[in-house]
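Side chains are part of it too, since the values below use all heavy atoms of this structure and drop only hydrogens, waters and symmetry mates.
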Amino acid sequence: MVSGVCGFDQWIDNHIAIDTHSSPTLDEVAEIFEAEGYYYHWWKVVIEEEKSHQPAGDMYQIYAADETGWGVQLDFPFHNPPADTPTYAATCQSEDGCLGQGNCKAEFYAILENM
């Protein structure tokens, strides 16, 4: 992970999830991760149809890794997600064509191509 909206390790998709409808918010968690130097990544998931527990609209998540390397998906309330939060859909309808990296600068993709 390069920043909160760029870079996503394929192995972090093997993760646990923590859900809450109260506090803390994703904004507060991101602030703590930033201050402590943890790597994390925001995703926006567009919910098109109302589901039994999730109304239609945008849902935000943060993925992070704990000290042991386990991935953690945080489904918490949010107030001010980054304006450039990348979208993700399991059907590969993402801004980056399902490369799964988010909103990265062209230089980032050039580095990946040359690895």
query = Got a sec: does the CZ of F33 have more than 12 other heavy atoms crowding it under 6.0 Å?
reply = yes

query = To the nearest 0.5 Å, what is the distance between CG (L26) and CD (Q61)?
reply = 8.5 Å

query = Does atom CD of E31 have more than 12 heavy-atom neighbours, drawn from other residues, nucleotides or ligands, at distances under 6.0 Å?
reply = no

Atom of E28, atom of P24 and distance for their closest heavy-atom approach = OE1-CA, 3.2 Å

key: Parallel, tilted or perpendicular: rings of Y60 and W42 (30°, 60°)   = perpendicular

query = Are F76 and T25 close enough, and set up right, to give a side chain to side chain contact (heavy atoms under 4.5 Å, CB included), and what steps lead you there?
reply = CA-CA 6 Å; F76 295 179; T25 66; 5.7 Å; no

Y63 versus Q73, closest heavy-atom pair with distance = OH-OE1, 2.8 Å

Nearest-0.5 Å distance, CD1 of residue I18 to CD1 of residue I62 = 12.0 Å

task = Would you give the length of the straight line joining atom CH2 of W43 to atom OG1 of T87, rounded to the nearest 0.5 angstrom?
result = 7.5 Å

ask   = How about P77 and D27: do any of their side-chain heavy atoms sit closer than 4.5 Å?
value = no

request  = Kindly compute the distance separating NZ (K44) from CG (D58), expressed to the nearest 0.5 Å.
outcome  = 4.5 Å

request  = Rounded to the nearest 0.5 Å, what's the gap from CD on E34 to OH on Y39? Could you check?
outcome  = 10.5 Å

